[in-house]
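Working notes, beginning with the structure itself.
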Amino acid sequence: MEDLSAQLAARRAQGLYRERQILRSPQGVQVQIGDERLLAFCSNDYLGLASDPRVIEAFCAGARAHGVGAGASHLLSGHSIAHHALEEELAEFVGAPRALLFSSGYMANLGVMAALTNRHGTVLEDRLNHASLIDAARLSRATVRRYPHVDLQRLDDLLSEVEQGPRLIASDAVFSMDGDIAPVAPLLALARRHRAWLLLDDAHGLGVLGPEGRGTLARHDVAPVEPVMLMGTLGKAFGVFGAFVAGSEALVETLIQQARTYIYTTALPPAVAEALRVSLKLVRAEDWRRERLHALIARFRAGARELGLQLAGSTTPIQPLMLGGVEAALGASRALRERGLLVPAIRPPTVPANTARLRITFSAAHEPAHVDRLLEALAVLPRC
Ligand SMILES: *Cc1c(COP(=O)(O)O)cnc(C)c1O
């Protein structure tokens with residue numbers, strides 16, 4: 001126990017201690033933490049649906065109709081008509097033969113990878129992939145090879161070295177801490193050439209990119225059919241909770257038989273599925289949310305350029321401002337907080353060493369004046 005305290009103290013001394021902020025308000029761009037009212041630029045509620053009254057009403061009606069808890073796993077008696085309808089609607093939405101709901105994106109990635117590969121297999125991962133993809137590969141017991149960020153030549157070389165066993169390429173479709181978009185078409189070409197699976201994690205593209213918000217694959221005209229598997233999350237742009245994997249009939253049936261994070265866990269509350277069905281309708285129908293979001297991103301990028309800030313190459317709602325050291329990132333975050341803005345510092349190990357940053361995210365619920373307030377605050381940050 002003393003060991004733990006010593007480790008915690010060391011972590012604190014390095015500026016790597018993590019603390020939770022207790023929200024007293026609903027999720028939104030204006031939040032209340034303690035007595036502070038803050039304008040937030042850090043949620044993944046990209047379309048502003050987390051507190052939408054229509055989604056809330058569907059959730060309440062769902063609880064009245066189906067009860068609060070699912071009561072069992074999907075394979076016992078937990079798979080309700082609400083889950084089933086949502087799966088069909090999601091499959092149609094992303095243009096896949098089938099979709100399968102999971103309780104979270106983290107669990108979906110774990111389940112897919114362990115079901116499709118084994119100790120004889122090889123998983124190839126972009127260095128900047130989300131932690132859940134990295135952990136999934138470890139759990140699958142396959143050999144894990146990581147390639148430098150979007151280095152397709154290196155990926156090609158690594159694939160050529162694999163002699164036997166299943167191979168699976170895993171990549172964020174939109175990188176969660178950098179906001180850049182994966183080279184989907186070249187990744188697919190490599191997967192085909194080397195007869196590998198390609199798992200694309202579109203946690204940050206779904207709802208935001210492509211026609212009707214169908215995501216990064218739709219934007220690149222790539223269908224989630226073999227060798228492609230799509231993992232989408234429902235707690236970000238969809239504003240609710242949960243995740244799904246979309247792909248072929250055979251893939252989904254295999255997951256139902258073999259994905260341990262699907263089989264050995266309680267199903268999502270059916271009311272969550274009912275909330276998601278309404279949220280999905282809004283995601284598709286309300287193009288103005290995406291238009292507004294992209295206008296806010298453009299406004300921010302133009303303003304930041306004028307200020308001479310170092311912008312990343314991202315065109316998505318994730319706009320990192322690289323600060324390098326942990327202290328610089330923490331200092332910037334504190335300075336913004338003093339001006340009523342909530343933008344937490346992102347530090348290692350969430351991002352590689354020396355790439356601590358402010359991860360600024362935008363939502364369709366922001367207003368142009370909010371972006372201007374952020375820019376005014378960034379303008380007076382001490383430069384490093
Ligand atoms: C958030 C996220 C996940 C995990 O999804 P949850 O539903 O929150 O568990 C997986 N992959 C990426 C890229 C993410 O950003």
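Ligands are counted one by one from 1 in listed order, and the atoms in each one are counted from 1 as well. Residues take their numbers from the sequence shown, with the count starting at 1. Scope of the values below: all heavy atoms of this structure, side chains included, with no hydrogens, waters or symmetry mates.
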Where ligand 1 meets Tyr106 - atom numbers and elements under 4.0 angstrom, heavy-atom basis: 4 (C), 5 (O), 6 (P), 9 (O)
Flag for Gln319-Arg301: side-chain donor and acceptor within less than 3.5 Å: yes
Side-chain touch Arg214/Leu209, heavy atoms, less than 4.5 angstrom: no
Subset of ligand 1 atoms that lie under 4.0 Å from at least one heavy atom of Ser132: 10 (C), 11 (N)
Numbered atoms of ligand 1 (with element) below 4.0 Å of Asp201, judged on heavy atoms: 10 (C), 11 (N), 12 (C), 13 (C)
Mode of Met107 contact toward ligand 1 - side chain, backbone, both, neither (heavy atoms, under 4.0 Å): neither
Under 4.0 Å to a heavy atom of Asp172 - the qualifying atoms of ligand 1, by number: 13 (C)
Ala243 to ligand 1, any heavy atom closer than 4.0 Å: no
Residue Ser176 vicinity, atoms of ligand 1 by number, heavy atom under 4.0 Å: 15 (O)
Carboxylate-amine/guanidinium contact Glu87 Arg98, below 4.0 Å: no
Closest protein heavy atom to atom 7 (O) of ligand 1, given as residue, atom name and distance to 0.1 Å: Gly105 N, 2.7 Å
Non-hydrogen side-chain atoms of Leu374 and Leu39 separated by less than 4.5 Å: no
Those atoms of ligand 1 less than 4.0 Å from some heavy atom in Ser104: 7 (O), 9 (O)
Sub-4.0 Å atoms of ligand 1 with respect to non-hydrogen atoms of Thr233: 5 (O), 7 (O)
Heavy atoms of other groups near Phe59 CZ, more than 12 under 6.0 Å: no
Short N-O contact, Glu286 and Arg289, less than 4.0 angstrom: yes
Close-contact set for ligand 1 against His204 heavy atoms, below 4.0 Å: 14 (C), 15 (O)
Any pair counted as side chain to side chain donor-acceptor pair (under 3.5 Å), so long as it reaches residues 338-354, sequence neighbours left out: Arg18-Thr350
Which residue and heavy atom of the protein sit nearest atom 14 (C) of ligand 1, plus the separation: Lys236 NZ, 2.8 Å
Cationic tip of Arg11 above Tyr17 ring, under 6.0 Å, 45° of axis: no
